[in-house]
Number of protein chains: 2
Amino acid sequence: MKWNELHKEACPVARGLSVVGDRWTMLVLRDCFLGVRRFEQMQERLGITRHVLSDRLRKLETAGVLRRELYQQRPQRYEYRLTERGKALYPMLVSLIDWANAHVPPEGEPSVKLLSRETGDPIAPVLVDANTGKNISHRDVKAVVAE
Amino acid sequence: MKWNELHKEACPVARGLSVVGDRWTMLVLRDCFLGVRRFEQMQERLGITRHVLSDRLRKLETAGVLRRELYQQRPQRYEYRLTERGKALYPMLVSLIDWANAHVPPEGEPSVKLLSRETGDPIAPVLVDANTGKNISHRDVKAVVAE
DNA sequence: ATAGTTAGTTCCATAAAAGAACTTAGTTCG
DNA sequence: CGAACTAAGTTCTTTTATGGAACTAACTAT
């Protein structure tokens, strides 16, 4: 399994990681979900090198996760926004956040948590099967090669 | 934000990625969820270099995601198993799989899908809030620094 | 004309991953 | 007994990716 041929794999984990499975990509996407859209802002917030940020944004655009949008004519300036494909990564991001808050404590520092915008109550994410309404447990699931 | 200080961040995305956010880790964990426990087997299935696999297994053990277990006395041989903390990554893995199956098509090849072990029906994962039972949408959620 | 803004690119040093061979502590086969 | 085999690594060397800082393009504001 080679990194630059991951996208051809039958395994969706491998294919997914070919898009979001590097050191910086999910952090870039986190910022996108927080409403950050511009190069400078991301670069400063993340402390990523400009070079790498530029490369990641291009790759995410190619993968259809972000789109570049002209927000100013002269000089031409583009900002980056999540596409529907990008927004569809939200459950994964939330699952990661939930796991980290439960299992990777932030060494004495405060942590960021997710609250309902409406009620202010904490969110407690669970993954359920839309068909049955039941919690998805790894014991009840099998993986098969389909189609 | 430096890669080897990510675990101190207030942002759970950063902390989570400090554990699972590199090229190989989630693929190793995928194999663990599939029941693969041994070094040789993982190395062969993944095509990861032995060096890197060894390093990742050690880091996952240190992070409390896997535990090493003696399965043979002479010569001493260890296998790797998911801890509770490791198993808690299942929702994230499933979210990734679901996203990739919907958005990263496997170039003509077949893909692996998740089915109910009981009924054989496909699984349709949705992330809901355990408190309200409602779907978690990124518009309804805010992120705040807590505690 | 000089400085500031924004989104990059270029260059070089350092760190991580690929690839292949070697090691350790045994067991099994002939 | 000795040679081959096994499993889980480690040790090299080469290639690739990332970090860090400076530079560029195409403007606008003072």
Heavy atoms from other residues, nucleotides or ligands near CD of E69(B) exceed 12 (cutoff 6.0 Å) = yes
Look at S54(B) and dA8(D) and indicate whether a side-chain polar atom (N or O) is within less than 4.0 Å of OP1 or OP2.
-> no
Using atom CG of L53(A) as one end and atom P of dA17(D) as the other, report the distance to the nearest whole Å.
-> 17 Å
Any side-chain donor-acceptor pair under 3.5 Å between S116(A) and D121(A)?
-> no
Using atom CZ of R38(B) as one end and atom C1' of dG9(D) as the other, report the distance to the nearest whole Å.
-> 15 Å
Out of dA7(D), dA17(C), dA7(C), which nucleotide sits closest to the side chain of F39(A)?
-> dA7(C)
Between atom CG in L27(B) and atom C1' in dA17(C), what is the gap in whole Å?
-> 14 Å
Output yes when R38(B) and E79(B) qualify as a salt bridge under the 4.0 Å nitrogen-oxygen rule, no when they do not.
-> yes
Before accepting this row, confirm whether a basic side-chain N of the pair E5(A)/K2(A) lies closer than 4.0 Å to the acidic partner's carboxylate O.
-> no
Nearest-Å distance, CG (L17(B)) to P (dT18(D))?
-> 14 Å
Can you tell me the distance, in whole Å, between the CD atom of E40(B) and the P atom of dT24(C)?
-> 17 Å
Does the side chain of Y80(B) get closer than 4.0 angstrom to OP1 or OP2 of dA7(D) through an N or O atom?
-> no
Whole-Å distance between dA8(D) P and R56(B) CZ?
-> 19 Å
Would you say a side-chain N or O of R58(B) is under 4.0 Å from OP1 or OP2 of dT10(D)?
-> yes
Salt bridge present between K59(B) and D22(B) (N-O < 4.0 angstrom) = no
Is a salt bridge present between R81(B) and E61(B), judged by a nitrogen-to-oxygen distance below 4.0 Å?
-> no
Where along nucleotides 19-28 of chain D does protein come under 4.0 Å, by heavy atom, of base (B) or sugar-phosphate alone (S), with - for untouched nucleotides?
-> BB-B---BSS
